[in-house]
**Q** 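Take this structure, written in structure tokens, and hold onto it; I'll ask about it next.
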Amino acid sequence: MSTVAAPAASQHLDVRNVMWLIAAMAFVIAPHLGRLPAWVGLFCLAVLMWRAWIGWAAIHFPSVWLMRLITIVACIGTFTQYHRLTGREPGVTLLIVMAVLKLLEMRTQR
């Protein structure tokens with residue numbers, strides 16, 4: 001009878017890795033900010049700073065309900081800005097906003 005070992009638990013992201021991820025995200029988003037509404041840039045900056053603070057101070061991540069609320073607010077903001085959620089401009093806006101929010105969900109490295 002063979003025994004199968006359980007997979008090792010993933011390591012938590014250390015501060016250095018988090019800062020590299022934030023820098024990479026800022027580098028990718030920066031060229032788009034000139035063509036997006038100002039609130040998107042402020043939103044991205046706020047979320048990136050929030051994630052840096054979580055990594056640096058080792059505080060708790062936002063709850064699932066708070067993440068859902070932020071996602072809904074971002075979708076409402078996009079709809080208010082463009083009067084639709086489909087198309088190039090709203091699609092890019094949602095893609096950037098959701099990519100930044102993904103940083104708030106990343107707890108461990110795989």
Side-chain angles (χ1 to χ4, degrees):
M1 182 183 287
S2 66
T3 59
V4 177
S10 297
Q11 294 178 334
H12 288 284
L13 287 171
D14 64 354
V15 175
R16 186 174 38 138
N17 289 343
V18 170
M19 295 306 160
W20 274 109
L21 287 169
I22 291 170
M25 186 66 71
F27 181 76
V28 168
I29 291 172
H32 300 281
L33 293 179
R35 293 185 277 300
L36 293 173
W39 70 266
V40 175
L42 295 173
F43 180 85
C44 291
L45 180 64
V47 171
L48 292 176
M49 288 178 16
W50 188 10
R51 182 58 179 105
W53 185 41
I54 289 171
W56 190 264
I59 61 172
H60 293 289
F61 285 86
S63 68
V64 173
W65 290 106
L66 182 58
M67 289 298 296
R68 288 179 183 167
L69 178 64
I70 294 169
T71 303
I72 290 168
V73 168
C75 289
I76 290 171
T78 303
F79 185 79
T80 303
Q81 183 74 39
Y82 299 105
H83 305 293
R84 58 194 159 99
L85 291 176
T86 59
R88 184 181 305 157
E89 292 85 8
V92 170
T93 300
L94 285 174
L95 183 63
I96 288 174
V97 166
M98 297 305 159
V100 170
L101 286 176
K102 186 64 180 170
L103 289 176
L104 288 176
E105 294 180 345
M106 296 171 57
R107 300 165 194 259
T108 60
Q109 72 183 41
R110 294 188 179 203

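In this text, all values refer to a predicted model and were calculated from it rather than measured experimentally.
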**Q** Within the side chain of R51, is there an N or O that forms a donor-acceptor pair under 3.5 Å with the backbone of V100?
**A** no
**Q** Rounded to the nearest 0.5 Å, how far apart are CZ of F79 and CG of L94?
**A** 11.5 Å
**Q** Assigning hydrophobic clusters by single linkage (Ile, Leu, Val, Met, Phe, Trp, Tyr; side-chain heavy-atom cutoff under 4.5 Å), is V28 placed with M19?
**A** no
**Q** Who pairs with M49 by side chain to side chain contact (heavy atoms under 4.5 Å, CB included), at least two apart in sequence or on another chain?
**A** L45
**Q** Can you list the other members of the hydrophobic cluster that holds W20, where links are side-chain heavy atoms under 4.5 angstrom apart?
**A** none
**Q** For residues 19-30, which residue pairs qualify under salt bridge (Lys or Arg N to Asp or Glu O under 4.0 Å), counting only residues two or more places apart or in two chains?
**A** none
**Q** Checking one residue: I76. Which other hydrophobic residues are in its cluster under the side-chain 4.5 Å linking rule?
**A** I72
**Q** For the atom pair CE (M25) and CG (L48), what is the distance rounded to the nearest 0.5 Å?
**A** 7.0 Å
**Q** Going through the distances and angles, do L101 and E105 end up as a side-chain contact (heavy atoms from CB on, under 4.5 Å)?
**A** CA-CA 7 Å; L101 286 176; E105 294 180 345; over 6 Å; no
**Q** Grouping I, L, V, M, F, W and Y whenever their side-chain heavy atoms are under 4.5 Å apart, do L95 and Y82 come out in a common cluster?
**A** no
**Q** Only one of I70, L104, I22 clears side-chain contact (heavy atoms from CB on, under 4.5 Å) with V47; which?
**A** L104
**Q** Side chains of residues 33-41: which donor-acceptor pairs under 3.5 Å do they make with residues two or more places apart or in other chains?
**A**
unit_1	atom_1	unit_2	atom_2	d
W39	NE1	Q81	OE1	3.4

**Q** Quick check for you: to the nearest 0.5 Å, what is the distance between K102 atom NZ and M98 atom CE?
**A** 12.0 Å
**Q** Identify every side-chain donor-acceptor pair in residues 85-92 under 3.5 Å, counting partners at least two apart or on other chains, and give the distances.
**A**
none

**Q** To which residues is L42 joined in a hydrophobic cluster, defined by side-chain heavy-atom contacts under 4.5 Å among Ile, Leu, Val, Met, Phe, Trp and Tyr, whether direct or through other members?
**A** none
**Q** With sequence neighbours excluded, what pairs up with I59 under the side chain to side chain contact (heavy atoms under 4.5 Å, CB included) test?
**A** W53, I54, A57
